[in-house]
J.: 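A single structure is presented below for examination.
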Amino acid sequence: MAFDPSQLPSLLNPEQLRAATHSDGPLLVLAGAGSGKTRVITYRIANLVVAHGIEPWRILAVTFTNKAAGEMRERLERLLGYQAGEAWISTFHSTGARILRREGEAIGLPSSFVIYDEADQLAEMKRVMKAMGVDPKLVDPRKVLARIDDAKNHARTPADLAKRQAFDELSRLLPELYRRYQEALSVAGAVDFGDLLMRWVELFEEHPDILRKYQNRFRHVLVDEFQDTNRVQYRLLQMLAGDGRGLCVVGDDDQAIYRWRGADVTNLLSFPEDFEGAEVVKLERNYRSTQLILDAAHAVISKNRDRMEKRLWTEEQGGAPLVLIVARDERDEAMRVADQVRDLLRAGTEPAEIAVFYRTNAQSRVLEDAFRLGRIPHQIVRGRSFYDRAEVKDLAAYLRLALNPRSNADALRVINKPARGIGDTTVGRVEAAAAEWGVSIVDACRQAAQIPGLNAGAQGRVRSFATLVGKLAALAATEGSTAGEVAEEALQLSGMEAAFQTDGSDEALDRLENVRELVGAAKSWDEGWTPEVDAGDPDAEAPMALAAFLEQISLLGDADEKVQGPKVSLMTLHASKGLEFEQVFLTGMEETVFPHSRSLGEHGGEEELAEERRLCYVGFTRAKRRLVLSLASSRVLFGDLRFNPPSRFLGDVPRELFGIDAATARIPSRPQGIHVVYDEEELDREQAEIDLGDDDGFEEEVFVDYSFDQRPAPAPRARPPTPPRGAMPIRRERQDPARSAGGFTIGSPVRHSAFGVGMVEGIDGDKISVRFPGVGVKRVVDRFLQRV
DNA sequence: TGAGCGTCAATTAGC
DNA sequence: TTGACGCTCA
């Protein structure tokens, strides 16, 4: 064993040590960004096992992402070896799935239940609405699902919702839609993600004996990212951990960015009151960033109220100054970020150490264009993609049917895949019959002769689909059958392989490739598969290889989607949480972009804005060595041009933290209250419309000049064409040619408010090309130039 | 069945 | 502006 408890004091700082070794009684670890919390959790577990003699299977550690769980398990394995495998270290959802598979029968859930993803849920909801005669145009099925998800996050049943006053159509219909949706899932032997938690609660509430079993078992419960827990999760923890003795939660209220999906920071903030005698340990020493970056981050986050006071510090004093890029528009911004990234790569920075963040996915397009154009190796970091491909989901649906033929979402998905002459009409009749008889789709197909309206041909086709599913199910149920075998068989018997081959197009062959990859994944899963033995519950039945494989697909992302070669990462701020990079670029630092417009004005209250601020804090604290912030003076959004003022978060960062950005020579740094000055000349709305016409976007003049002073953000004086904080749409319009003035000659010196003095190199109507020393050639509208 | 077209909406996203 | 979706027509 690699772990020796007596060495802990030399491995951890005093606070970490206290957190890792505290015993007896609830513990809240407030772990600032980069303060080594995973380290603390793993050492804590190791210490429990080795120093306190706790059997590993008595330990439950829950996280939010598989990645976090994987990392934790890996680190624990290094400390404890094989014993680490006996601890339950997984996500809330995986834990729920595991417990429900074992105990779900008690609440009427078959152990072979399938887990519906968003697409399955949507399809199911559409069917429910259709059956209820609700027009999907009037009531958006996605919104219904969102509301149901929200209800599940709060552990609310359809009956709970029915008690509430409904003010709109959706709310009025919601309880019944919710009830029928659950009924449909039940018929299908399916659960959705929310159910993995909510039905788990239901199980514990209705069966105290089962709850007691797990309470007795898990002497220690550790929770990572506690600020992200929602009501249901909190309730589960309360039930499992009782008075909280043995409960250790780790989190950071400053990194709470998931309120919108049900997370409730109060779980963390009120932990000391909820669990009497709770010990609170603050980890404020940071091992990731430079002090300068931490200062910038603190400047932003400290403006939030209702936070647990803490301030990160590091021994890495100083650090590279922040850089501010002020770009003309979003394309310019993307190009300049790409340019700087290229410079870094040339200077030897590893691509994997560079990341570019943005608030919304829509911003990624221009960035990707610029990176592609600049031939910079990059990847957009998003969720899974392989398992989201249609053909892969199709084959997976056959596999799920093999295990659980009742799964209607899967049956309806593949009943006519590949095309086998079962059209919409037939499917509709099958569905109606299934609903009428209260049986599953596949069961109904088996009774094809009884289904009203089906002609002999349709009956035959429908029945053979049922036979197909039956064969796969029989194979899956055969003792010793493997996931790979079933997958292979499904590919053949379903006719998918033949269909792709017959088609023969590049696209079809591509898809064939993908489904074969899934078969390959199943086979390699078999190779690594050993039925689990739960040291804490030897009687628990181990799932079959196929079941485990499918669960992996449902709950895990693309484990196999490996990054090929070193690449620069592009991602949303939300996706950046938990990661770290040497060099971080944070783009779109503009009001209405970040903070997002939805958090401003009538849309958002104080809490929304506070969450944006935390998001900014998360973004800043990802940077290890250097942080580059960028904004665009103008930006095309939803087809029209907007001029957004600089983000208020920029204004929160003390100016001394910024260096000089060579590319925007006149803008030295940034002070209190960044404020916008619209060029020297007064710029009015009409003028703003000048010359933004050329669609290539590269020869426009900068109209808006960001300059800085110490005054607390005065209202933009040169009459902003917009209220200072709002975005203003301005239509693109060409300037009236008659207005263009001349008077400039090639070779003569001119002065520009932002670029300084330069030499005229070319004249094209009202656009003058000027070479500015240190800046390069700019195409500038003449009225912004002065003869010198 | 799938290409083509009009409509409509438009954070963030883990499991 | 993009994209997702549903509907229509060949």
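Note on naming: letters A, B, ... go to the chains in the order of the sequence lines (proteins, then strands), and numbering restarts at 1 for each one. Worth knowing before you read on, the calculation uses all heavy atoms, side chains too, and leaves out hydrogens, waters and symmetry mates.
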J.: Please give, in whole Å, the distance from C:dT2 P to A:Arg331 CZ?
T.: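 Result: 10 Å.
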J.: Between A:Phe92 and A:His574, which has a closest nucleotide on DNA chain B that is more 5'?
T.: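 Taking each residue's closest nucleotide, the earlier one in sequence belongs to A:His574.
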J.: Identify whether any heavy atom of A:Phe193 sits under 4.0 Å from a base atom; if not, whether one sits that close to sugar-phosphate; answer base, sugar-phosphate or nothing.
T.: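 Base contact.
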J.: Quiz question: going by heavy-atom distance under 3.5 Å, is there a donor-acceptor pair between the base of B:dC15 and the side chain of A:Glu118?
T.: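 By the distance-only test, yes, there is a pair.
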J.: Holding to side-chain contact (heavy atoms from CB on, under 4.5 Å), I want the full list of residues that pass it with A:Ala508, two or more places apart in sequence or in another chain.
T.: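 With neighbours one apart ignored, the set is A:Phe500, A:Asp503, A:Ser505.
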J.: Could you pull out the protein-nucleic contacts involving nucleotides 9-11 of chain B (nitrogen or oxygen on both sides, under 3.5 Å)?
T.:
| from | atom 1 | to | atom 2 | distance (Å) |
| --- | --- | --- | --- | --- |
| B:dT11 | OP1 | A:Arg598 | NH1 | 3.3 |

J.: Which of parallel (below 30°), tilted (30 to 60°) and perpendicular (above 60°) describes A:His574 and A:Trp260?
T.: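 Rings of A:His574 and A:Trp260: perpendicular, as their planes differ by over 60°.
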J.: With respect to the phosphate group of B:dA13, does any side-chain polar atom (N or O) of A:Thr572 fall under 4.0 Å of OP1 or OP2?
T.: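 Answer yes for this pair, as a side-chain N or O of A:Thr572 is under 4.0 Å from OP1 or OP2.
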J.: Rounded to the nearest angstrom, tell me the gap between atom CD in A:Glu611 and atom P in B:dA13.
T.: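 Taking atom P of B:dA13 as the reference, CD of A:Glu611 is at 13 Å.
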J.: Starting at CG of A:Asp228, measure out to CZ of A:Arg259 and round the result to the nearest 0.5 Å.
T.: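 Those atoms lie 13.5 Å apart.
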J.: Do A:Phe64 and A:Phe92 have their ring centres less than 6.0 Å from each other?
T.: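 So the answer is yes for these two rings.
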J.: How far, in whole Å, is B:dA13 from C:dA4 if one measures between their P atoms?
T.: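 That atom pair is separated by 15 Å.
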J.: Looking at A:Phe113, is A:Arg101 sitting on its ring face, NZ or CZ under 6.0 Å from the six-membered ring centre and within 45 degrees of the normal?
T.: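 Yes - A:Arg101 lies over the ring of A:Phe113, closer than 6.0 Å to its centre and within 45° of its axis.
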J.: Determine the interatomic distance between C1' on C:dC5 and the same-named atom on B:dT12; round to the nearest Å.
T.: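 Roughly 22 Å separates the two C1' atoms.
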J.: Using the C1' atoms only, state how far C:dG6 lies from B:dT11, rounded to an integer number of Å.
T.: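 The answer is 25 Å between these two C1' atoms.
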J.: With a 4.0 Å cut-off on N to O distance, would you call A:Glu608 and A:Arg598 a salt bridge?
T.: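 Salt bridge absent between A:Glu608 and A:Arg598.
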J.: Measure CZ/A:Arg613 against C1'/B:dT12 and give the value in whole Å, please.
T.: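 Roughly 18 Å, once rounded to whole Å.
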J.: Between A:Tyr258 and A:Arg261, is there a cation-pi geometry (under 6.0 Å to ring centre, at most 45° from the normal)?
T.: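 Yes - A:Arg261 lies over the ring of A:Tyr258, closer than 6.0 Å to its centre and within 45° of its axis.
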J.: My understanding is that only one of A:Val128, A:Val114, A:Asp192, A:Asp120 makes a side chain to side chain contact (heavy atoms under 4.5 Å, CB included) with A:Leu185; could you say which?
T.: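 That would be A:Asp192.
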J.: Distance-only criterion, 3.5 Å: show the donor-acceptor pairs between side-chain atoms of residues 130-142 of chain A and protein atoms not counting sequence neighbours.
T.:
| from | atom 1 | to | atom 2 | distance (Å) |
| --- | --- | --- | --- | --- |
| A:Asp135 | OD1 | A:Lys137 | N | 2.8 |
| A:Asp140 | OD1 | A:Arg142 | N | 2.8 |

J.: Can you give one letter per nucleotide of nucleotides 3-10 of chain C, going 5' to 3': B for a protein heavy atom under 4.0 Å from the base, S for sugar-phosphate only, - for none?
T.: --SS----
J.: Would you mind reading off the distance between A:Gln121 atom CD and B:dG14 atom P, rounded to a whole angstrom?
T.: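 Result: 15 Å.
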J.: Kindly give the atom pairs (protein nitrogen or oxygen, nucleotide nitrogen or oxygen) under 3.5 Å for nucleotides 1-5 of chain B.
T.:
| from | atom 1 | to | atom 2 | distance (Å) |
| --- | --- | --- | --- | --- |
| B:dT1 | OP1 | A:Asn416 | ND2 | 2.7 |

J.: Just the rounded figure in Å: distance from P of B:dG14 to CG of A:Leu555.
T.: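 After rounding, the gap between these two atoms is 14 Å.
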J.: A:Ala188: what forms a side-chain contact (heavy atoms from CB on, under 4.5 Å) with it, not counting sequence neighbours?
T.: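 Result, side-chain contact (heavy atoms from CB on, under 4.5 Å) vs A:Ala188: A:Tyr116, A:Ala190, A:Asn408.
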J.: Starting at CG of A:Leu579 and ending at C1' of B:dG14, how long is that distance when rounded to a whole Å?
T.: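 About 13 Å, once rounded to whole Å.
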J.: Rounded off to whole Å, could you give me the CG-to-P distance for the A:Leu615 and B:dG14 pair?
T.: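 Taking atom P of B:dG14 as the reference, CG of A:Leu615 is at 14 Å.
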J.: Would the number of heavy atoms belonging to other residues, nucleotides or ligands and lying under 6.0 Å from CD of A:Glu607 be above 12?
T.: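 Yes, enclosed.
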J.: Got more than 12 heavy atoms from elsewhere within 6.0 Å of CG, A:Asp424?
T.: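 No, CG of A:Asp424 has 12 or fewer neighbouring heavy atoms, counting only those of other groups under 6.0 Å.
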J.: Write down the distance between CD1 (A:Ile115) and P (B:dG14), rounded to a whole number of angstrom.
T.: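 After rounding, the gap between these two atoms is 17 Å.
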